[in-house]
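Take a look at the structure below.
Remember, predicted model here, so these are calculated numbers, not experimental data.
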Amino acid sequence: MTTVLLVHGTGVREPGYSEGLERVRAGLGPARPDVTVTPCYWGGRAGSALRSGGLSVPGYGTGRDVADPGARGTDGGADEDVELWGLLYLDPLLELRLLAAESGGRTELAPGAVPPGEALAAAALALGGDEPLRGLLDSAGIGGEFAAAVAAVVTSPDGRDFLRSPAAAAGPDVLARAFAAEAVRRRTDRGGSAAAFDGTARDGAVERITALLTAALPGAGSHRGPVTRGVKRLAGRLALGLASAQAVKRRSALTDAAHPAAGDVLLYLARGGAIREIVAEAVRAAEPPVVLLAHSLGGIACLDLLVERALPEVELLVTVGSQAPFLYELGALPSLEHGRPLPAHVPRWINVYDPRDLLGYVGAGVFPGRVEDVAVDGRQPFPLAHSAYWGNPELYRLLAAELP
């Protein structure tokens, strides 16, 4: 029976690792029940930590921090769609505000007519009763947050302004995207494992929401074109504002958010032997044949390990969103100086990347004949693209076909 060792990437800690492990088991199990997915968790023993309690960080934990003073895809339409979602994940109500401002005023109604916004709000609050939608939301990874997201959008000042405006009569799709984006924001803020959202499942959920809202509002249309252009015109200004906001965040909170991920990379490049030894221990304990399924920094560690020593139990290395080829080209891969070929004992290597993941690299050009690059599309903007692999059915179809 093949054993797949799941080697995580930078910044992952419990309970997030166990959540990710179960996600991989659920994704691979139906197609390959003969495969055992086994943990290889190094974050607890070999991951970075503030080992002196943050003494190196000015004001850390004292409450006296700095005060707050105030992919490259081939389908242009798909790229624009992903860019729009990137903005909505940051500000789920952005389209609602733009559309309400563009329409101006309030809807004039015939005597006795139900305001479109009132009908939309009622239909929105009833969405949870639709069984097909619940399945789509669960597939998209946002089922648990959706009800609260709908309530938050509908009752927010921007949501109420939109529902009172003439735009409500033609905006079910805009409202549907706001609900989905708010649910993603809530799931991301909840913590745990890095959220692995499937963009295609998200789009299916949004289509279903739009259809249900439209059914409650005869004559509804779409403002997708003009609103999308308006959102894009704000992109540059919005990015600058977000950068400024990040710069003035309290330093303790920023350090807590950033140091596990950045610290793991720095620690590995300085003293990475501990991580590699944990992987080697897991290989020795596993039933062969062994497959190393390694994400991000985990892929670097696994390649370094396989370069350093022959592990005949390992028949396949699968790196996902990994920077190993890039480090090799820079001359920064710890185990192998640029210009030296991979040793003959390194097993077959499949390198999975998403063109939208700015932390995923390709290896065929720098390791000719020794690595097969496979592109997948999680339909998510960066940085969510870096963890979206585990929610992408494409990855599990690939693994099911390639695992020994």
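- Within the 3.5 Å criterion, the main-chain N or O of Pro343 finds a donor-acceptor partner in the side chain of Arg370.
- Note: Leu99 CG to Asp161 CG = 12.0 Å, rounded to the nearest 0.5 Å.
- Between Thr210 and Asp173, the side chains place no donor N or O within less than 3.5 Å of an acceptor N or O (distance only, hydrogens not considered).
- In terms of heavy-atom proximity, Ala180 sits nearest to Val206 at CB-CG2, 3.8 Å.
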- Message: What verdict does the side-chain contact (heavy atoms from CB on, under 4.5 Å) test give for Gln380 and Trp85, after you've listed the backbone C-alpha separation in whole Å, the side-chain angles of each residue and the deciding distance to 0.1 Å?
- Response: CA-CA 8 Å; Gln380 293 290 357; Trp85 278 108; 5.6 Å; no
- Before giving the answer on side-chain contact (heavy atoms from CB on, under 4.5 Å), spell out for Leu21 and Tyr41 the whole-Å C-alpha distance, their side-chain angles and the decisive distance to 0.1 Å. CA-CA 10 Å; Leu21 179 68; Tyr41 173 59; over 6 Å; no
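- Of the inter-residue distances, the one linking Leu336 atom CG with Arg340 atom CZ reads 5.0 Å to the nearest 0.5 angstrom.
- Note: Ser296 OG to His8 NE2 = 11.0 Å, rounded to the nearest 0.5 Å.
- Of the possible polar contacts, one joining the Glu394 side chain to the Asp377 backbone as a donor-acceptor pair under 3.5 Å is found.
- Shortest non-hydrogen contact noted between Phe197 and Ala388 is O-CB, 3.6 Å.
- Under the 4.5 Å side-chain criterion, counting only non-hydrogen atoms from C-beta, Glu329 is not in contact with Tyr361.
- Within the 3.5 Å criterion, the main-chain N or O of Leu311 finds no donor-acceptor partner in the side chain of His345.
- At a threshold of 4.5 Å between non-hydrogen side-chain atoms, the residues Asp198 and Pro393 count as touching.
- Side-chain contact check for Thr188 versus Tyr89: every heavy-atom pair is 4.5 Å or farther apart.
- Within the model, atoms CD1 of Ile275 and CG of Asp264 stand 6.0 Å from one another, a figure rounded to the nearest 0.5 Å.
- Residues Leu133 and Leu127 share a closest heavy-atom pair of CD2-O, 3.7 Å.
- Distance check: Leu297 CG to Leu359 CG gives 11.0 Å after rounding to the nearest 0.5 Å.
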- Message: Assess the residue pair Val153 and Leu96 against the criterion (side-chain contact (heavy atoms from CB on, under 4.5 Å)); give the C-alpha distance rounded to whole Å, side-chain angles, the decisive distance to 0.1 Å, and a yes or no.
- Response: CA-CA 10 Å; Val153 170; Leu96 299 185; 3.8 Å; yes
- Message: salt bridge (Lys or Arg N to Asp or Glu O under 4.0 Å), that's the test. Do Glu277 and Arg284 meet it? Break it down for me.
- Response: CA-CA 10 Å; Glu277 191 53 44; Arg284 289 193 291 268; 3.0 Å; yes
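- Shortest non-hydrogen contact noted between Val291 and Pro404 is CG2-CD, 3.6 Å.
- The shortest distance between side-chain heavy atoms of Phe326 and Val366 does not fall below 4.5 Å.
- Here the closest heavy-atom approach between residue Cys302 and residue Leu317 is recorded as CB-CD1, 3.8 Å.
- A heavy-atom distance below 4.5 Å is found between the side chains of Glu372 and Arg348.
- For the 3.5 Å distance criterion, the side chains of Arg276 and Tyr268 qualify, holding a donor opposite an acceptor.
- The main-chain N or O of Ser18 is found under 3.5 Å from a side-chain atom of Glu14 such that the two form a donor-acceptor pair.
- The closest side-chain heavy-atom distance from Leu342 to Trp349 is below 4.5 Å.
- The backbone N or O of Leu358 lies less than 3.5 Å from no partner atom in the side chain of Tyr353, so there is not a single donor-acceptor pair.
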- Task: Take Val307 and Tyr328, measure what side-chain contact (heavy atoms from CB on, under 4.5 Å) needs, and give me the verdict at the end.
- Result: CA-CA 12 Å; Val307 168; Tyr328 173 76; over 6 Å; no
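- Side-chain atoms of His295 come within 3.5 Å of backbone N or O of His386 as a donor-acceptor pair.
- Under the side-chain contact (heavy atoms from CB on, under 4.5 Å) test applied with Leu292, the options Leu306, Thr3, Leu316 reduce to a single match, Leu306.
- Pairing each heavy atom of Val314 with each of Pro347, the nearest pair is O-CB, 3.5 Å.
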- Message: Let's go through Arg186 and Glu182 carefully: what are the C-alpha distance in whole Å and the side-chain angles of both, what is the deciding distance for salt bridge (Lys or Arg N to Asp or Glu O under 4.0 Å) to 0.1 Å, and is it a yes or a no?
- Response: CA-CA 6 Å; Arg186 287 170 174 263; Glu182 174 64 17; 2.8 Å; yes
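- Leu384 has its side chain within reach of Val184: a pair of non-hydrogen atoms, C-beta onward, lies under 4.5 Å apart.
- Side chains of Val24 and Leu399 form no contact here, defined as non-hydrogen atoms less than 4.5 Å apart.
- In this structure a side-chain-to-backbone donor-acceptor pair under 3.5 Å is missing from Asp158 to Arg97.
- Formation of a donor-acceptor pair under 3.5 Å by the Tyr396 side chain with backbone atoms of Pro30 is not found in this model.
- A donor-acceptor contact shorter than 3.5 Å is absent between the side chain of Thr2 and the backbone of Val35.
- Remark: Ser322 OG to Asn351 CG distance equals 6.5 Å, nearest 0.5 Å.
- Judged by distance alone, with hydrogens and angles left aside, the side-chain atoms of Trp42 form no donor-acceptor pair with the main-chain N or O of Gly47 at under 3.5 Å.
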